[in-house]
Amino acid sequence: RPILLIHGGAGDITDARVEGKFKGIRDALRAAWKHLEPTGAESSSSALDAVEAAVRSMELNESFNAGYGSCLNTAGAVEMEASLMEGREMRAGCVTLLTDVMHPITVARRLMEKRRHVFLGGQAAQELALSTGSEKLPAGALVTDSARQALREFMEQEAKGLDTTFARTELDDARTDPKGD
Amino acid sequence: TVGAVAMDASGLIVAGTSTGGITGKWPGRIGDTPLLGCGTYADNAVGGVSTTGHGETIMRYNLAQRILGAIQHQGLSAQAAAERECQKMTERIGGTGGAIVIDHKGEVGISWTSRRMAWGYVRDGIIHYGINQNEVFQEPL
């Protein structure tokens with residue numbers, strides 16, 4: 001029997017974000033499950049397609065810390081990473097320090113399919129992304145108000161000398177209306 | 001962080017993980033997500049894992065590899081292995097996190113030491129999901 005299991009992040013998830021997480025989890029499962037359903041034709045990649053589809057769904061959803069809605073670094077920028085591994089031949093693709101692409105998981109799959117290297121980072125990963133079909137988004141397109149607020153709070157804590165060793169991996173909902181009302 | 005593990009009708013196990021990291025990380029910081037054995041691992045003979053939580057902790061503990069090791073070498077179930085290794089990681093290093101696991105028999109493991117972890121799975125036409133300890137919701141696919 002096929003099975004699909006996903007997660008949408010762990011940490012101090014606030015009550016305000018629970019429903020968004022639940023909806024995103026259900027949406028991702030529904031988007032991905034069709035790849036695991038029997039079609040009558042043997043597919044050698046249905047688990048791969050399902051995992052990629054589930055992760056892509058969550059990368060699009062700002063309720064999750066991936067793709068659109070990612071946490072920000074101290075420079076206020078998004079730097080993303082992803083990995084994908086299959087258990088039959090134990091092939092894998094891993095990418096890090098990606099910027100301005102929506103779906104790092106797809107870049108990881110493209111690297112895995114090249115069958116040459118397992119892990120690329122920085123400019124090389126970026127070039128792989130763009131050369132294998134990922135769209136380059138405008139700078140800052142993945143930055144959300146919640147992520148900016150979380151970074152402001154982090155900087156304030158650091159300025160006060162508070163311990164930020166276990167910095168947040170989950171964001172609060174923006175507490176001010178983004179339109180300024 | 002987000003992640004997924006699947007087993008298809010042919011028995012292929014796949015695991016994937018994607019993240020933006022942690023707020024206030026230094027530019028150039030790399031976390032557990034792209035590291036095999038930490039954020040992701042898959043081996044049809046044992047199972048597949050995706051992890052989430054405090055990356056600096058998960059990297060130092062090799063969480064995904066340890067969970068699969070507990071299944072392979074100590075005969076633990078996916079659930080028991082995930083629970084034990086997440087707990088031991090937090091006891092040993094201090095940071096928190098969680099993991100989702102499908103073992104080679106298709107059994108599920110879900111565990112975390114963080115305050116909450118969002119998770120969900122589909123089996124036999126039913127979506128099971130949750131975010132708090134000891135709380136499971138269900139609805140038809």
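Sequence lines set the chain letters: A, B, ... in the order given, protein chains first and strands last, and positions in each chain run from 1. Note that this is a predicted model, so its numbers are computed, not measured.
- Contact check on A:D145 versus A:R148 returns a salt bridge, with a Lys/Arg side-chain nitrogen under 4.0 Å from an Asp/Glu carboxylate oxygen.
- For the set A:L142, A:T74, A:L151, A:V78, the count of heavy-atom pairs under 4.5 angstrom toward chain B peaks at A:T74.
- Using a 3.5 Å distance cut-off with no hydrogens or angles, the side chains of B:R116 and B:Q133 do not pair a donor with an acceptor.
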Problem set entry | Derivation and outcome, salt bridge (Lys or Arg N to Asp or Glu O under 4.0 Å), residues A:R56 and A:D49 | CA-CA 10 Å; A:R56 283 176 65 97; A:D49 293 340; over 6 Å; no

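- Looking at B:N132, there are no atoms closer than 4.5 Å to chain A (heavy atoms on both sides), in backbone or side chain.
- Contact count versus chain A (heavy atoms, under 4.5 Å) is highest, among B:V5, B:L36, B:I13, for B:V5.
- The most heavy-atom pairs under 4.5 Å with chain B, out of A:S83, A:P104, A:A66, come from A:S83.
- No more than 12 heavy atoms of other residues, nucleotides or ligands sit less than 6.0 Å from atom NZ of A:K114.
- The choice from B:V101, B:V122, B:T33 that makes the most heavy-atom pairs within less than 4.5 Å of chain A is B:V122.
- No hydrogens or angles considered: a donor-acceptor pair under 3.5 Å links the side chains of B:T17 and B:T40.
- With ring centers used as reference points, A:F22 lies under 6.0 Å from B:F137.
- For B:I127, the part sitting under 4.5 Å from any heavy atom of chain A is the side chain, from C-beta outward, and nothing else.
- When the shell of 6.0 Å around NZ of A:K34 is examined, it contains more than 12 heavy atoms from other residues, nucleotides or ligands.
- For A:L36, the part lying near chain B is the side chain, with the backbone staying farther off; criterion is any non-hydrogen pair under 4.5 Å.
- Ranked by heavy-atom pairs under 4.5 Å with chain A, the first of B:S114, B:S50, B:A4 is B:A4.
- Looking at A:I3, both its backbone and its side chain come within 4.5 Å of chain B, counting heavy atoms on both sides.
- The candidate from B:P34, B:G31, B:S18 with the greatest count of non-hydrogen atom pairs under 4.5 Å with chain A is B:P34.
- With chain B as partner, the option from A:M58, A:E81, A:E52, A:R1 having the largest number of non-hydrogen pairs under 4.5 angstrom is A:E81.
- For the atom pair B:T1 OG1 and A:F64 CZ, the distance stands at 11.5 Å (nearest 0.5 Å).
- Side-chain contact, B:T51 with B:D32: a donor N or O sits under 3.5 Å from an acceptor N or O.
- Comparing A:L97, A:V18, A:I6 by how many heavy-atom pairs each has under 4.5 Å with chain B, the most go to A:I6.
- In terms of heavy-atom pairs under 4.5 angstrom with chain A, the leader among B:R115, B:H104, B:E56 is B:R115.
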